[in-house]
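In what follows, every heavy atom counts, from backbone to side chain, and hydrogens, waters and symmetry copies are set aside. A quick note: this is a predicted structure, and the numbers were derived from the prediction, not measured. Counting starts at 1 for both ligands and their atoms, following the listed order.
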Amino acid sequence: MSEGAVKKEEKPRKFQAIRGTRDLLPPETALWNRVEQTAHKVFATFGFGEIRIPIFEQTELFARAVGGETDIVSKEMYSFEDHESDELAALRTLLIAKQPSVSDPNFFWSYEMKVTEFRERLGRAIEIGEVGRTPLNERVLADLGPLLDSLAFDRQEYEKTKDAAIFERFNLYVGTIRRHLLAVDLGDQVSLRPEATASVCRAYIEHNMNQLPQPVKLYYMGPMFRRERPQKGRYRQFYQIGAEVLGGSDAPAIDAEVIEMVMTFFDRLELEGVQLDLNSIGCRDCRPKYVELLRAELVKVKDKLGADSQRRIETNPLRVLDSKLEGEQGIIATLPHIADHLCDDCKTHYAPVKHQLEMRGVIYRENWRLVRGLDYYMRTTFEITAQGLGSQNAVCGGGRYDGLVELLGGPPTKGIGFAIGEDRLILSLQESGKAAAQQGRDVYIAWMGDRAHATAIRAAKGLRKAGFSVELPPVELKFGKALGQADKLGAKYALILGDNEVSEGLWTLKTLADGSQAKFTEPDLIEHLKKQL
Ligand code: ATP
Ligand code: MG
């Protein structure tokens, strides 16, 4: 019995989307498209261009930009080793696992052959670019030559003498070879992107965008990946729409214009209950001092705080301000405000940002407790919430990140940006009744008979070319059944094509809302529909 036949007996396994991921289906996808089209349009009016960046990057890029101590990098990233040469990796695993044994007469010989094979494959892989030509890889390649020679020499000696001392020496070579094999860099440690700012900065540097007219204004949209606990408004694959302004200037008007742009976008979508919170979290000079002060104050009230906040006194005192715990709110209210501890430079930056927002008619609320979870933020930070989202109500987070480009090896650069959670934006729009309706058809073509079928195909082509949405049933249906289907699909019109219509050259158009019918020639029909729809 073939394998296929055995399998037939069992019910094939059903698959489900992975926890934290989901399918987006029509008609909801129409709303996603509307949101994205609006973003393209609004951002273009602010002079932003779209950047499309890869879904995965070197893990190191995110570790450096987002911060190794953040939740995102320390526990939420999807990471894997990415090597092109699986065979080489498998051979290495095998060689590392092998233990020399006196009782296996072939061990020496087979070990030597396998290492020789590894060395040859590695050389070839480097040659064709499958494995990086790094100094370390080249050294391993070079060192393996003499090591193999010594191995071969000892093997021959041992075969002749069976001397235990030679066996010991052989063992030592095996250890050295193992260390060399482990050192080979077969590929990159990569991660699915948990956010996009790091990649945009990487691209800015890689493409020398500092030589373009400054600032460079970019926006992106697409999926991000974080291994978080899934719940309403929180997914493991979620979507962001974001923008970044990179360049030489940190003029407060840039901050204000970026915020004005998000607010304009939300306004255009008629998002409801929009609330913009604003703060300045200082810079490398003043923030550490404030953090120390905060820590000192928190230590005094440690006993009154919950376990999470107690831990954060050490790891990240700013995050205590984020706490939503009822019992901690009273204590948090008494803590020092960063606004009172900003350095002069930060103060002279923050005040005009607020003034600029006022000039643009952007309504904001100052929130001294607003801190961000990513390391790279400084000075201006903001968060936007919307209604209908429960506790996951932040639809946008953003802020200034001067110095991030330098941290990634680029030239001194100022930067500010934001990321909108598109899933939450959509949820909020749906909650306030802005969901897109099922897309109906303009025309359903009910046809009967072979000649009518040919005419129906021609009619569908003409109507679609004119931009109408057309449903053409693939097999003949009785007119009654066809009209029932047209109704179910929410079609506005049914075009009825039978023998009479075809021979007369006059097509019957039925308006489904009121059941009225009229006859048209082919060109008149299209003209008529253009006027109606
Ligand atoms: P939160 O505090 O809600 O976890 P965050 O500070 O981690 O948000 P950012 O990294 O600044 O968020 O990302 C910007 C926006 O992306 C958030 O305001 C939110 O709308 C959205 N977002 C972040 N994580 C998720 C997720 N797991 N699922 C859906 N949307 C998310
Ligand atoms: Mg988060």
Any side-chain heavy atom of Glu366 sitting closer than 4.5 Å to one from Lys354?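 Yes, close enough: below the 4.5 Å cut-off.
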Would you kindly say whether Asp185 and Thr134 are connected by a side-chain donor-acceptor distance under 3.5 Å?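 No.
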For a quick check under 3.5 Å, do Gln329 and Arg369 share a side-chain donor-acceptor pair by atom type?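 Yes, side-chain donor-acceptor contact under 3.5 Å.
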Before giving the answer on side-chain contact (heavy atoms from CB on, under 4.5 Å), spell out for Met77 and Leu192 the whole-Å C-alpha distance, their side-chain angles and the decisive distance to 0.1 Å. CA-CA 7 Å; Met77 284 208 295; Leu192 300 185; over 6 Å; no
Heavy-atom distance to [atom]: which of [options] wins?
atom: atom 29 (C) of ligand 1; options: Gly421, Gly233, Gly20, Ala394; result: Gly233
atom: atom 3 (O) of ligand 1; options: Gln240, Arg227, Arg424; result: Arg424
atom: atom 2 (O) of ligand 1; options: Glu76, Gln392, Arg234; result: Arg234

Which of the atoms of ligand 1 are close to [X], meaning less than 4.0 Å from one of its heavy atoms?
X: Ala419; answer: 14 (C), 15 (C)
X: Glu228; answer: 24 (N), 25 (C), 26 (C), 27 (N)
X: Val395; answer: 18 (O), 20 (O)

Using a 4.0 Å heavy-atom cut-off, which part of Arg226 comes near ligand 1: side chain, backbone, both, or neither?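 Near ligand 1, Arg226 shows its side chain, while the N, CA, C and O stay back.
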For ligand 1, which part of Glu383 has a heavy atom less than 4.0 Å away: the side chain, the backbone, both, or neither?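 None of Glu383 does.
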Over-ring placement of Arg193 relative to Phe62, 6.0 Å and 45° cut-offs: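 Arg193 over Phe62 ring: no.
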Can you check whether Tyr219 and Phe43 have ring centres sitting under 6.0 Å from each other?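 Under 6.0 Å, so yes.
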